[in-house]
**Student:** 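Before I ask anything, let me first share the structure, which is written out below as structure tokens.
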Number of protein chains: 2
Amino acid sequence: MPTTHPHAEVLHADALTALPTLTPESVDCVLTDPPYNSGGRTPTERARQSTRGKYVSGSARHTLADFAGDNRDQRSYSYWLALVLAECLRACVPGGSCLVFSDWRQLPATSDALQAAGWTWRGIIVWRKPLNRPLRNGFRRECEYVLWGSSGPLADRDQPVYLPGLLTGSQPRAGRRHVTEKPVNVMAELVEICPPGGTILDPFTGSGTTGVAAVHAGRSFLGIEVTDHYAEIANARVLHAMQQAPAGNTA
Amino acid sequence: MPTTHPHAEVLHADALTALPTLTPESVDCVLTDPPYNSGGRTPTERARQSTRGKYVSGSARHTLADFAGDNRDQRSYSYWLALVLAECLRACVPGGSCLVFSDWRQLPATSDALQAAGWTWRGIIVWRKPLNRPLRNGFRRECEYVLWGSSGPLADRDQPVYLPGLLTGSQPRAGRRHVTEKPVNVMAELVEICPPGGTILDPFTGSGTTGVAAVHAGRSFLGIEVTDHYAEIANARVLHAMQQAPAGNTA
DNA sequence: CCTTGCGATGAATCCATAT
DNA sequence: GATATGGATTCATCGCAAG
């Protein structure tokens, strides 16, 4: 158990640039939500630099900023994600876990990347989104997925934990900061895979929900975010969470 | 709409032998649960163990028969499943759907096989199993998955349907006939992807739960099962279901 | 303060039309 | 002929205002 106070920080940088600068085995867990590179009807539309146009419909289209790095084809996606996750593995302690969000379409490619990077695939956590569109003459796409890997055998714990394999949580609506912002209750369950007092790394921080959940649970947080706009927002949110949570809380 | 009575039949044969004999475009939907080949950790373990040893713990071990075809490595699994699913595509009407069960470990390989066979991948349906073992220091494996594909663009319907993307149902325990028997309520939701009065093909019939659900929903059923023991059971169950459901019920 | 009702929305998708 | 664009579609859920 670390005797230092928990800390939290968001680097304003590209993941593939910043990750190699991290100290090996300096974090206990990786928890991240990469751009899925999944939407869009045509190659042109996928490659376009507006994630709002791809993912947000109706009148909400004008309110949120775009995010970067959502313009790869599927082959490049696997390759790029494998590079990122390999650097994450290097930065992570043996026995630590890696959790990566994915939609149904990219799930196989994400599992390839996770394993190509050297993580041992451990399972799939299902995130059910109550708010979703029906699909005519077919099955609703009402879930997203979190792929779980570990760096070698799972580390044992003083206090064993038993975590759920299916999480339910609505995407934030009012006051949403990011097109793909995750609900705090879902992130709160996921950060439990990190031992109390440990450090969580998120190379695609976005609006910083992972960091907020980490700090609230007494974990330290290291975020990386390339878009100015979101790096600022994430920093502010994480610092705010630090002020709420008394330093030293490792419950 | 067919004017003939619904019919149901289980062939006692190997899938790859029997499927090529089917008339092209003679079924409306494929719904099946292939042997997952994923229980053992090592090739030796996979090849040696009986299916009872792999999938059944405790006292149920004595009562259920082994089933065949569960000893392929992952590469062969994809290849073999692609062959089977390609034959299914040939037998299926354009616009028809294919639903294939998979566990988390085989999901990527199953999606490869589905697409290699020529089906258009449409999504993942999550099956939540309420009864499951917790996992120490990790996330429960409480879901299995159904991969959904279509033969080209989805066929339109007189009565559009909007189906759920997450199903909950407990595996049968008492009175279970097969090690991997599926709950009837889950199968009942899945058969709805087949137009009323249409025919459902299941090349790995097992104890015939798919057939029972199909008949109850007024669909015709064509099953294929290689193991004597299960082919008999499935035939009996499907015939029994036919007697319950009045012929001509296509509701 | 709790309940009711109305309106907006979703890491979309489909088809028809235009380029 | 291939690709791009526009507009319609669907409903459980959630926010918000009114009662």
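Just so we're on the same page: letters track the sequence lines, and every chain starts at 1.
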**Student:** Stems in DNA chain D: runs of 3 or more consecutive Watson-Crick or G-U pairs, distances under 3.5 Å?
**Tutor:**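 Counting only runs of 3 or more consecutive pairs, the stems involving DNA chain D are C:2-10 with D:11-19, C:12-19 with D:2-9.
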**Student:** Name all residues meeting the ring pair (Phe, Tyr, Trp, His ring centres under 6.0 Å) criterion together with A:Trp104; count only those two or more places apart in sequence or in a different chain, and write none if there are none.
**Tutor:**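 A:Trp104 satisfies ring pair (Phe, Tyr, Trp, His ring centres under 6.0 Å) with B:Trp121 once adjacent residues are dropped.
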**Student:** For the pair made of CD in A:Glu142 and C1' in C:dT13, what is the distance, rounded to whole Å?
**Tutor:**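 Taking atom C1' of C:dT13 as the reference, CD of A:Glu142 is at 17 Å.
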**Student:** Which residues pass the salt bridge (charged side-chain N to carboxylate O under 4.0 Å, His left out) test with B:Arg157, not counting sequence neighbours?
**Tutor:**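 Counting only residues at least two positions away or on another chain, B:Arg157 forms no salt bridge (charged side-chain N to carboxylate O under 4.0 Å, His left out).
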**Student:** Atom CG of B:Asp156 and atom C1' of C:dA16: how far apart are they, to the nearest Å?
**Tutor:**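 The answer, rounded to whole Å, is 14 Å.
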**Student:** Over all strands shown, is A:Asn137 touching base, sugar-phosphate only, or nothing at heavy-atom distances under 4.0 angstrom?
**Tutor:**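 Contact class for A:Asn137: none.
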**Student:** Base, sugar-phosphate, or nothing for A:Pro34, non-hydrogen atoms under 4.0 angstrom?
**Tutor:**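 Base: the residue A:Pro34, judged by heavy atoms under 4.0 Å, touches a nucleobase.
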**Student:** Tell me every residue that passes salt bridge (charged side-chain N to carboxylate O under 4.0 Å, His left out) with B:Arg122, counting only those two or more places apart in sequence or in another chain.
**Tutor:**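 Testing B:Arg122 for salt bridge (charged side-chain N to carboxylate O under 4.0 Å, His left out), a comparison that skips the adjacent residues, returns none.
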**Student:** Which residue pairs pass the ring-ring contact (aromatic ring centres under 6.0 Å, His included) test with at least one member in residues 168-214 of chain A, sequence neighbours excluded?
**Tutor:**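 Sorted pair list: A:Phe67-A:His178, A:Trp80-A:Phe204, A:His178-A:Tyr230.
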**Student:** Answer yes or no: is there an ion pair linking B:Arg133 with B:Glu142, defined by an N-O contact shorter than 4.0 Å?
**Tutor:**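 Result for this pair is no, no salt bridge flagged.
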**Student:** Report yes if a donor N or O on one partner sits less than 3.5 Å from an acceptor N or O on the other, where the partners are the side chain of A:Asp103 and the base of C:dA12; otherwise report no.
**Tutor:**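 Side chain to base: no pair present.
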**Student:** Atom NZ of A:Lys182 and atom C1' of C:dG10: how far apart are they, to the nearest Å?
**Tutor:**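 Taking atom C1' of C:dG10 as the reference, NZ of A:Lys182 is at 13 Å.
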**Student:** Rounded off to whole Å, could you give me the OH-to-C1' distance for the A:Tyr55 and C:dG10 pair?
**Tutor:**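 One finds 14 Å between C1' of C:dG10 and OH of A:Tyr55, rounded.
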**Student:** How close or far is atom C1' of C:dA11 from atom CZ of A:Phe204, stated in whole angstroms?
**Tutor:**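 To the nearest whole Å, that distance equals 15 Å.
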**Student:** Using a cut-off of 4.0 Å on non-hydrogen atoms, how would the nucleic acid contact of A:Glu144 be classed: base, sugar-phosphate, or nothing?
**Tutor:**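 Since a base atom lies under 4.0 Å of A:Glu144, the category is base.
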**Student:** Please name all residues satisfying side-chain hydrogen bond (donor to acceptor under 3.5 Å, both in side chains) with A:Thr205, sequence neighbours left out, ordered by chain then number.
**Tutor:**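 For A:Thr205 there are no side-chain hydrogen bond (donor to acceptor under 3.5 Å, both in side chains) partners, ignoring immediate neighbours.
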**Student:** Does A:Arg176 make a side-chain N or O approach to OP1 or OP2 of C:dG10 shorter than 4.0 Å?
**Tutor:**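 Result: yes.
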**Student:** Using whole Å, report how far CH2 of B:Trp121 lies from P of C:dA12.
**Tutor:**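 It works out to 14 Å between those atoms.
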**Student:** Expressed in angstrom and rounded to an integer, what is the separation of A:Arg177 atom CZ from C:dA11 atom P?
**Tutor:**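 These atoms are roughly 16 Å apart.
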**Student:** When you compare the protein's N or O atoms with those of nucleotides 9-13 of chain D, which come within less than 3.5 Å of each other, and at what distance?
**Tutor:**
from, atom 1, to, atom 2, distance (Å)
D:dT13, O2, A:Arg173, NH2, 3.3

**Student:** Using only heavy-atom distances, determine whether the side chains of A:Glu225 and A:Thr227 contain a donor-acceptor pair under 3.5 Å.
**Tutor:**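 Yes, a side-chain donor-acceptor pair sits under 3.5 Å.
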**Student:** When you check the phosphate oxygens OP1 and OP2 of C:dC14, does a side-chain N or O of B:Arg122 lie under 4.0 Å from one of them?
**Tutor:**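 Yes, because at least one side-chain N or O of B:Arg122 sits under 4.0 Å from OP1 or OP2 of C:dC14.
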**Student:** Going by the rule salt bridge (charged side-chain N to carboxylate O under 4.0 Å, His left out), which residues pair with B:Asp202 if we only count those two or more places apart in sequence or in a different chain?
**Tutor:**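 Partners of B:Asp202 by the salt bridge (charged side-chain N to carboxylate O under 4.0 Å, His left out) criterion come out as none, since no residue qualifies.
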**Student:** What integer number of Å spans the P atoms of D:dG6 and C:dA11?
**Tutor:**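 Going atom to atom, P in each nucleotide, I get 22 Å.
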**Student:** Short question: side chain of A:Asp28, backbone of A:Thr199 - any donor-acceptor pair under 3.5 Å?
**Tutor:**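 Present.
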**Student:** Hey, is the side chain of A:Gln171 poking within less than 4.0 Å of OP1 or OP2 on C:dA11, counting only N and O atoms?
**Tutor:**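 So the side chain of A:Gln171 is within the cut-off, an N or O lying under 4.0 Å from OP1 or OP2 of C:dA11.
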**Student:** Taking only residues two or more places apart in sequence, or in another chain, which ones meet A:Tyr36 in a ring pair (Phe, Tyr, Trp, His ring centres under 6.0 Å)?
**Tutor:**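 With sequence neighbours excluded, A:Tyr36 shows a ring pair (Phe, Tyr, Trp, His ring centres under 6.0 Å) to no residue whatsoever.
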**Student:** With centres under 5.5 Å and planes under 30°, do A:Tyr36 and C:dA11 count as stacked?
**Tutor:**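 Stacking between A:Tyr36 and C:dA11: present.
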